[in-house]
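Take a look at the structure below.
Order of the sequence lines fixes the chain letters, A, B, ..., with proteins taken first and strands second; residue numbering starts at 1 for each chain. The model shown is predicted, which means the values in this text are computed figures rather than measured ones. Worth knowing before you read on, the calculation uses all heavy atoms, side chains too, and leaves out hydrogens, waters and symmetry mates.
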2 protein chains.
Amino acid sequence: MSYEPDWNVLTATCPSRTSLVRIANKWTAMIVIVLGKGRTRFRDLRTAVEGISGKVLTETLRDLERDGLVSRHVFAEVPPRVEYELTDLGRTLHGPLSALGQWAEAHITEVLDARDRYDRDH
Amino acid sequence: MSYEPDWNVLTATCPSRTSLVRIANKWTAMIVIVLGKGRTRFRDLRTAVEGISGKVLTETLRDLERDGLVSRHVFAEVPPRVEYELTDLGRTLHGPLSALGQWAEAHITEVLDARDRYDRDH
DNA sequence: CCGAATCCGTGACGATACTG
DNA sequence: CAGTATCGTCACGGATTCGG
């Protein structure tokens, strides 16, 4: 009996809900997708995830680090250099999250069509 | 040449980004997970997704309907009855999103341990 | 010059009251 | 029961400043 079936993200007070809230998030998804390619420094991460602000990137990385999904490597250099990479646990999340990104890219034409239809009929 | 490789969720202005923003969302994930079990009326959806407010449930369902992921069925009854179900397109998203929920439930103990370690060391 | 902290506005979200 | 409307709150997110 190694599996614990009592966790349920649909239950408001279940701890697993707090984990879902963190991973079911646009910035988390994009950051994990980029980190899936390998260890990346802060600046490059910020460039790769277009449109994210420095503050939000820092905060999201902190939360991911706290949840054990990302590790942080600081180098005592000038200018400073900080690199991030997925942990073993984080790597198990890369598949599900990149699947989301691929879904969005694969089905965007259908989604755009649906939006046109909805906006025309309402 | 049926695949369009130009879409990229990491690009700020790419339309696929707008779709990712909608699906990489906690409420979307939970609603789609519940709807994966079959057509559900508003009241039951609100009960199943613990903690969601009526306002947010309505708004999220509207957005999902607009994107062609959910269909809405209104019955002319008193009291009113409205049922929601996944479209064919929405069903293709059920796998990826329920995978997220299952990840959260399967790895929550590791996440909780990581949080304890982080909070102790920082 | 890079990474992170600070300040502050906006938007998401919940609660409540009300209508069909 | 299924929304809509209004309002208050608060976290998210962007611009700016600071530190090294």
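Taking atom CD1 of residue A:I52 and atom P of nucleotide D:dG14, one finds them 8 Å apart after rounding to whole Å. One can place CG of A:L45 at 14 Å from P of C:dC2, the figure rounded to the nearest angstrom. Rounded to a whole Å, the NZ atom of B:K26 is 11 Å from the P atom of D:dA11. Distance B:N25 CG to D:dA11 C1': 15 Å, rounded to the nearest Å. B:E59 places its CD atom 8 Å from the P atom of C:dC13, with the value rounded to the nearest Å. Across the protein-nucleic acid pair, A:R46 atom CZ and C:dC2 atom P stand 11 Å apart, rounded to whole Å. We find that CG of A:D63 is positioned 15 Å from C1' of C:dA4, with the value rounded to whole Å.
Of the possible donor and acceptor atoms, none in the side chain of B:H107 sits under 3.5 Å from a partner among the backbone N and O of B:W103. Checking side-chain atoms of B:E105 against main-chain N and O of A:V9 turns up a donor-acceptor pair under 3.5 Å. In this structure, the side chain of A:S98 engages the main chain of A:G95 through a donor-acceptor pair within 3.5 Å.
Exactly one residue among A:R72, A:R39, A:R43 makes a salt bridge (charged side-chain N to carboxylate O under 4.0 Å, His left out) with A:E83. That residue is A:R39.
Considering only side-chain N and O atoms, B:W27 lies nowhere under 4.0 angstrom from the phosphate OP1 or OP2 of C:dA12.
Checked for salt-bridge contact, B:R91 and B:D88 meet the test: a charged N lies under 4.0 Å from a carboxylate O.
Scanning all heavy atoms of the two residues, the minimum distance from A:L20 to B:A104 falls at N-CB, 3.9 Å.
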Heteroatom pairs (N/O) under 3.5 angstrom, protein to nucleotides 2-4 of chain D:
unit_1 : atom_1 : unit_2 : atom_2 : d
D:dA2  : OP1    : B:R41  : NE     : 3.0
D:dA2  : OP1    : B:R41  : NH2    : 3.4
D:dA2  : OP2    : B:R43  : N      : 2.8
D:dG3  : OP1    : B:R72  : NE     : 3.4
D:dG3  : OP1    : B:R72  : NH2    : 2.5
D:dG3  : OP2    : B:Y84  : OH     : 2.6

